[in-house]
Structures are given as C-alpha cells and as structure tokens.
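Shown next, in structure tokens, is the structure this report addresses.
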Amino acid sequence: QVQLVESGGGLVQAGGSLRLSCAASGRTFFVAVGWFRQAPGKEREFVATITWSGGSTSYADSVKGRFTISRDNAKNTVYLQMNSLKPEDTAVYYCAAGPITTAQTRFYQHWGQGTQVTVSS
C-alpha cells in the first residue's frame, strides 16, 4: 500500500510562486511520480513526471520553463516548484505514483487527495 499526501497549495497572485510537496509512505517501490491537475469542468491533465531513481523529468508544454519537478529520496518526497504562475494554472493538483513514466493518468496506480492552487489576476 502506498500513501501520497500533497501540501503547499494556496492562493497566489499572477506572477507569483508556490512549491507543492508530495510525501510518500508505505510500499514506495514505484518507478515514477507524476503531478497532474484538474480545473473545474475540465479533465485531469498531465503536468510533470519524474523517475524515482534517476530523476529523469518530463513536462507538459504549458508549464515548461515555469515549473520544476524534483525529488528527495531520503525524505520520500517529490516537489513541484511553480514560478510565473498564471490564472490558467488554477486547479486542484494531484500527485500520483506508478510503474512507468508517462503522461497518461491510467498508468498511475496511487493518487493523493489533491491540493488547491488558485492564481488571481
């Protein structure tokens, strides 16, 4: 069993920054951790992913150059540093863990409860 707990969401003005954390516990034998987001009335979409062991990363085009995903294996935690935030980044952000590095939600077996990010204009 894997437990994922997100934190760090909040309200920020456009152009500001936030850092989200995803703390993992339990059987942390997964290969990849991804960040996804879901805005009201929209489908959940890929944001970024990182391999747990090697740190290889991948980003959605919409966040490239603004967001950075990283991990601290000693703390079993994955971070999402979000800079130059825009109102369209407003969503509930979820972290997820799975056996492969992919942008597709269906391959991620374990999900956190989500954390709200609101960017005001």
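Just so it is clear, the structure is predicted and the values come from calculations on it, not from any experiment.
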Next on the checklist: Does the Lys NZ or Arg CZ of R19 fall within the cation-pi geometry relative to Y79 - under 6.0 Å from the ring centre and within 45° of the axis?
Outcome noted: yes
Can you tell me how far apart [atom1] ([X]) and [atom2] ([Y]) are? Round to the nearest 0.5 Å.
| X | Y | atom1 | atom2 | value |
| --- | --- | --- | --- | --- |
| I69 | S58 | CD1 | OG | 9.0 Å |
| K86 | S121 | NZ | OG | 14.0 Å |
| L80 | T115 | CG | OG1 | 11.0 Å |
| E43 | T105 | CD | OG1 | 8.5 Å |

Whether the side chain of [X] engages the backbone of [Y] through a donor-acceptor N/O pair (distance < 3.5 Å, no angle test) should be reported.
| X | Y | answer |
| --- | --- | --- |
| T102 | I100 | no |
| Y59 | G65 | no |
| Q38 | A91 | no |
| T90 | V119 | yes |

Heavy-atom side-chain proximity of [X] to [Y] below 4.5 angstrom:
| X | Y | value |
| --- | --- | --- |
| R37 | E45 | yes |
| Q81 | S70 | no |
| L20 | M82 | yes |

Checklist entry - For residues 29-121, which residue pairs qualify under disulfide (SG to SG under 2.5 Å), counting only residues two or more places apart or in two chains? => result C22-C95
Any idea which heavy atoms bring [X] and [Y] closest together, and the distance?
| X | Y | value |
| --- | --- | --- |
| S21 | T77 | CB-CG2, 4.2 Å |
| A14 | P87 | CB-CD, 4.1 Å |
| Q116 | V92 | OE1-CG2, 3.2 Å |
| Q113 | L4 | OE1-O, 3.7 Å |

Would you mind writing out the side-chain donor-acceptor pairs for residues 46-54 within the sub-3.5 Å range, not counting sequence neighbours?
from, atom 1, to, atom 2, distance (Å)
T49, OG1, V33, O, 3.1
T49, OG1, Y108, OH, 3.1
T51, OG1, G55, N, 3.0
T51, OG1, S56, N, 2.8

Item to check | Derivation and outcome, side-chain contact (heavy atoms from CB on, under 4.5 Å), residues L85 and F67 | outcome: CA-CA 9 Å; L85 283 161; F67 291 11; 3.8 Å; yes
Checklist entry - Given the rule that I, L, V, M, F, W and Y join up when any side-chain heavy atoms are under 4.5 Å apart, are F36 and V2 in one cluster? => result no
Next on the checklist: Using 30° and 60° as the class boundaries, would you call the ring planes of W111 and Y94 parallel, tilted or perpendicular?
Outcome noted: perpendicular
Next on the checklist: Salt bridge check, K64 against D61: does any charged N sit closer than 4.0 Å to a carboxylate O?
Outcome noted: yes
